[in-house]
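Here is the structure we will look at, set down as structure tokens.
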Amino acid sequence: MERTRENRGDNASPGTNLSPNPDAGRAPDMRVGLTGGIGAGKSTVAARLAHLGARIIDYDAISHALTRPGGAAIAPIREQFGPHAIADDGSLDRPWVASQIFGADPAHTANRGRLNAIIHPLVYAQAARQEAGGGIVVHDIPLLTEVLGGIPFTFRHIITVEAPDGLRVERLMKTRGMSETEARARMASQTDDEARRRSADITIPNDSDLVSLYRAVDEVWSRLCTECEGNGGRKR
Ligand SMILES: CC(C)(COP(=O)(O)OP(=O)(O)OC[C@H]1O[C@@H](n2cnc3c(N)ncnc32)[C@H](O)[C@@H]1O)[C@@H](O)C(=O)NCCC(=O)NCCS
Ligand SMILES: Nc1ncnc2c1ncn2[C@@H]1O[C@H](COP(=O)(O)OP(=O)(O)OP(=O)(O)O)[C@@H](O)[C@H]1O
């Protein structure tokens, strides 16, 4: 299966002899994908993995950087969606764009496809640049299951984080200030848990407290390290 074919850096930027860092340009020892529906707890898992020593490539953060004033995605988005898409300061008008792309209507679906087609290739290029340095590299990708056929990386493992829909809505309302309608519109714009589980080989449930979640993440990390060391990679 695609996810289990290790890609040892075919997509990483080539190294340069000018760098003082001997790891610069080094391919990941193991590339892992991390996904989960909105509000399931993916970022919380990513933060725990970072604490344990993983290098995280955060696709939401890259996407945010590309849509700041002067970001590479701004001009093509203005061209596709018109001036409404851009705020007065030159950044993406996030609430306006969100209102155009999140939901199950055909218009939302079409707009989402147009926006993804602009942003995703730029995100992949930046992710490839962030890979250099070796170790266990975790690509934190909200839409990994949806883009698996088109993303230019293969993953040794794919982890999905799961929580019941009601709990996810509750978390999003409490911590992101979303209305229930907004939270459900985002959920309707993503694939479901069953599809995410099919594309993953590791499922982390997050329907209890943070102590239970961290325990599950620590176990997964320990397995990844053991496997990585067995393959001649090193633990970071
Ligand atoms: C629509 C935008 C402007 C809304 O911005 P906002 O600040 O409200 O949300 P943010 O970017 O922080 O995303 C929060 C979550 O929304 C969900 N989400 C974001 N984009 C999408 C999308 N295209 N399809 C489905 N869900 C999405 C993800 O779960 C993500 O973690 C923004 O999400 C965006 O530019 N999306 C397109 C780029 C994309 O696909 N990003 C996901 C990672 S590459
Ligand atoms: N087990 C838990 N107990 C209590 N709060 C939690 C738990 N897991 C996550 N949370 C909280 O729920 C909120 C959503 O979690 P998180 O940001 O990790 O979701 P996410 O899946 O990354 O969402 P997104 O797709 O938007 O990035 C956060 O405020 C987080 O602190």
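The first residue in the sequence is number 1, and the count goes up from there. Scope of the values below: all heavy atoms of this structure, side chains included, with no hydrogens, waters or symmetry mates. Computed from a predicted model, the values in this text were never measured in an experiment. Note that ligands are numbered from 1 as they come in the structure, with each ligand's atoms numbered from 1 the same way.
Listed by atom number, the atoms of ligand 2 under 4.0 Å from Asp60 heavy atoms are 27 (O). Atoms of ligand 2 lying under 4.0 Å from at least one heavy atom of Gly37, given by number and element, are 21 (O). Shown in contact with Asp209 at under 4.0 Å from a heavy atom are these atoms of ligand 2, numbered in order with element: 1 (N). Every atom of ligand 2 is numbered from 1 in the order shown, and the set under 4.0 Å from a heavy atom of Thr44 is 9 (C), 15 (O), 16 (P), 18 (O), 30 (C). Counting atoms of ligand 2 from 1 in the listed order, those under 4.0 Å from a heavy atom of Ile38 are 25 (O), 26 (O).
The CD1 atom of Ile101 sits 11.0 Å away from the CZ atom of Arg114 when rounded to the nearest 0.5 Å.
Distances shorter than 4.0 angstrom occur between a heavy atom of Gly39 and an atom of ligand 2. A heavy-atom separation below 4.0 Å is found between Ile119 and ligand 1. The shortest heavy-atom distance from Ser208 to ligand 2 is under 4.0 Å. Put simply, part of Arg176 is less than 4.0 Å from ligand 2, judged by heavy atoms. Residue His120 places a heavy atom less than 4.0 Å from ligand 1. Remark: distances from the non-hydrogen atoms of Ala40 to ligand 2 include one below 4.0 Å. In this structure, Lys42 falls outside the shell of residues with a heavy atom less than 4.0 angstrom from ligand 1.
A salt bridge links Glu180 with Arg184: the distance from a Lys NZ or Arg NE/NH1/NH2 to an Asp or Glu carboxylate oxygen falls below 4.0 Å.
At a heavy-atom cutoff of 4.0 Å, ligand 1 is contacted by the side chain of Ile101 but not by its backbone. Counting heavy atoms under 4.0 Å from ligand 2, residue Ser43 touches it through both backbone and side chain. With a heavy-atom cut-off of 4.0 Å, Thr175 touches ligand 2 through its side chain alone. Heavy atoms of Leu172 found under 4.0 angstrom from ligand 2: none, in either backbone or side chain.
Annotation: atom 15 (C) of ligand 1 to nearest protein heavy atom, Ile38 CD1, 3.6 Å.
The residue from His64, Arg186, Glu146, Gln190 that puts a heavy atom closest to atom 9 (O) of ligand 1 is Arg186.
When only interatomic distances are considered, the shortest N/O to N/O separation between Arg176 and ligand 1 does not fall below 3.5 Å. An N or O contact shorter than 3.5 Å links Gly41 to ligand 2 by distance.
Remark: the Ser63 side chain and the Asp60 side chain contain no N/O donor-acceptor pair separated by less than 3.5 Å.
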